Amino acid sequence: MKTYSIAIHGGAGTLVKGMMTKNLENQYKAALKEALNAGFSVLANGGTSVDAVKESVIILENSHLFNAGKGAVFTADGTHEMDASIMDGKSLNAGAVSLISGIKNPISLAYDVMEKSEHVFLAGEGAMKFAKMNNYTMEPASYFFDDFRHEQWLELKDTDSFQLDHAKKKDSKFGTVGAVACDINGNIAAATSTGGMTNKRFGRVGDSPMIGAGNYANNKTCAISCTGSGEFFIRGVVAYDVACLIEHKGMSLSDASNEVIHKRILEIGGDGGLIAVDSEGNVSMPFNTEGMYRATKSSNGYEEISIYK
Ligand code: ASP
């Protein structure tokens with residue numbers, strides 16, 4: 001039987017160890033485990049990689065611990081604007097949304113853009129109109145409110161900085177979530193969802209919903225979901241860069257993803273990490289920050305749930 005596997009992340013960054021209590025660490029690990037197992041059981045039951053990554057991301061979006069869906073960070077206006085994308089490595093179909101609010105599961109909307117529209121990427125008002133047409137219910141702002149995110153925002157409110165700028169000062173982890181999977185038929189997929197960066201302005205959009213930057217899947221090479229300083233991940237076209245190293249330079253999944261995270265993105269000033277899978281079920285999870293919430297499980301019996309190096 002072919003190896004099937006899944007990997008998920010809940011963001012990378014400066015996860016200051018002192019701020020992490022044993023209790024909080026257990027909560028993060030439990031949330032990661034739940035999301036991991038949900039996606040893995042889709043695969044174990046013969047489901048597709050697309051359904052598996054969507055399932056895992058929905059669970060991470062529903063947890064207030066991560067910066068996606070419930071628990072999304074605050075914009076400069078004190079609102080939540082979320083971005084998400086999903087890609088099917090078999091068909092190269094993709095769906096993405098950005099600048100959406102009030103939607104409980106942005107990844108479901110991205111999936112519906114892929115499945116029910118002629119388009120790949122819907123933004124802002126248009127994306128919201130599409131959600132209404134597809135009978136999405138709107139959650140009140142209170143659903144997305146999280147004390148910790150609110151405190152993070154109050155520190156930056158009325159300044160020109162957004163979260164990146166105090167990266168070294170405090171716990172400034174990026175809590176974007178993502179999943180990549182390889183199913184029983186060797187088809188791969190990637191999904192990513194985020195609230196973006198705290199105190200972002202002007203309709204700022206990061207790498208997460210951009211196909212090729214924060215999210216990409218192609219059976220020929222790899223499926224990738226990124227987390228980190230979005231501006232740099234966009235400039236580095238990170239997810240597609242990993243695929244290019246595999247396709248054009250013949251690199252392995254692990255060599256290509258390490259080259260991008262530990263060399264190419266660092267050279268242009270980016271920090272963060274990614275999760276990657278290929279159509280043989282190999283997994284790689286490199287990051288150049290202090291930690292990255294991450295987990296992986298494979299039909300060959302390997303399982304890992306970790307935060308720090
Ligand atoms: N990459 C995301 C963004 O720039 C942030 C994150 O990974 O948490 O929007």
Side-chain angles (χ1 to χ4, degrees), residues 7-15 28 32 57 60-61 63-76 79-85 96-101 106-107 110 121 123 144 146 148-149 152-153 156 161-167 170-180 190-216 224-242 260-261 265 268-276 285-294 307:
I8 62 171
H9 72 77
T14 318
L15 314 165
Y28 273 107
L32 288 169
V57 167
L60 295 168
E61 285 178 338
S63 164
H64 71 97
L65 294 171
F66 305 102
N67 170 19
K70 193 179 177 70
V73 297
F74 286 82
T75 66
T79 59
H80 303 280
E81 283 176 353
M82 299 171 287
D83 307 328
S85 64
V97 289
S98 69
L99 303 171
I100 59 164
S101 346
I107 199 66
F121 201 156
F144 298 93
D146 176 69
F148 176 68
R149 300 288 178 213
Q152 274 185 326
W153 174 60
L156 296 178
S161 333
F162 61 114
Q163 193 191 26
L164 260 185
D165 291 350
H166 70 158
K170 287 207 93 180
D171 180 38
S172 66
K173 59 185 181 281
F174 311 115
T176 291
V177 307
V180 294
T192 307
S193 180
T194 188
M197 311 286 289
T198 299
N199 212 37
K200 62 185 182 178
R201 297 192 294 165
F202 314 122
R204 181 264 186 193
V205 176
D207 59 315
S208 309
M210 291 186 194
I211 301 303
N215 198 73
Y216 185 70
I224 306 276
S225 171
C226 300
T227 171
S229 45
E231 278 64 15
F232 296 90
F233 279 66
I234 293 171
R235 294 179 198 137
V237 203
V238 166
Y240 189 61
D241 201 20
V242 176
V260 170
I261 290 301
I265 191 75
I268 62 168
D271 56 346
L274 60 80
I275 51 172
M285 306 191 288
F287 53 96
N288 62 31
T289 47
E290 196 174 315
M292 178 167 82
Y293 298 107
R294 63 197 186 281
I307 301 176

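Whatever order the structure lists ligands and atoms in, that order sets their numbers, starting from 1. These numbers come from a predicted model, not from an experiment. Worth knowing before you read on, the calculation uses all heavy atoms, side chains too, and leaves out hydrogens, waters and symmetry mates.
- Evaluated by nearest non-hydrogen atom to atom 3 (C) of ligand 1, the leading choice among V205, V177, D207 is D207.
- The contact set between ligand 1 and G175, taken as ligand atoms under 4.0 Å from a residue heavy atom, comprises 8 (O).
- For T75, the side chain to side chain donor-acceptor pair (under 3.5 Å) partners two or more places apart in sequence, or in a different chain, are T79.
- Heavy atoms from other residues, nucleotides or ligands lying under 6.0 Å from CZ of F121 number more than 12.
- G196 counts as a contact of ligand 1, since one of its heavy atoms falls under 4.0 Å from the ligand.
- Residue-level proximity to ligand 1 for R204 is carried by the side chain, the only part with a heavy atom below 4.0 angstrom.
- Ranked by closest heavy atom to atom 5 (C) of ligand 1, the top entry among T176, D83, T192 is T176.
- Taking only nitrogen or oxygen atoms, main chain and side chain alike, T194 does not reach within less than 3.5 Å of ligand 1.
- Residue contacts with ligand 1: G230 is placed with a nitrogen or oxygen under 3.5 Å of a nitrogen or oxygen of the ligand (distance criterion only).
- The part of S208 lying near ligand 1 is the side chain, judged by heavy-atom distances below 4.0 Å.
- By the ring-ring contact (aromatic ring centres under 6.0 Å, His included) test, F144 is found to be paired with H80, residues two or more places apart in sequence or in another chain being considered.
- Within the 3.5 Å criterion, the main-chain N or O of L65 finds a donor-acceptor partner in the side chain of Y28.
- Listed by number with element, the atoms of ligand 1 under 4.0 Å from a non-hydrogen atom of T227 are 6 (C), 7 (O), 8 (O).
- Under the side chain to side chain donor-acceptor pair (under 3.5 Å) rule, T192 has a single partner from T227, N215, D207, which is N215.
- Distances shorter than 4.0 angstrom occur between a heavy atom of G228 and an atom of ligand 1.
- In this structure, R204 does not pair ionically with E81, as no charged nitrogen and carboxylate oxygen lie closer than 4.0 Å.
- Ligand 1 lies nowhere less than 4.0 angstrom from a heavy atom belonging to G272.
- Listed by number with element, the atoms of ligand 1 under 4.0 angstrom from any heavy atom of M197 are 4 (O), 5 (C).
- Atom CD1 of I8 sits about 7.5 Å away from atom CD1 of I275, to the nearest 0.5 Å.
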Would D271 and S229 count as a side chain to side chain donor-acceptor pair (under 3.5 Å) if you check the C-alpha gap in whole Å, the side-chain angles of each, and the deciding distance to 0.1 Å? CA-CA 6 Å; D271 56 346; S229 45; 3.1 Å; yes
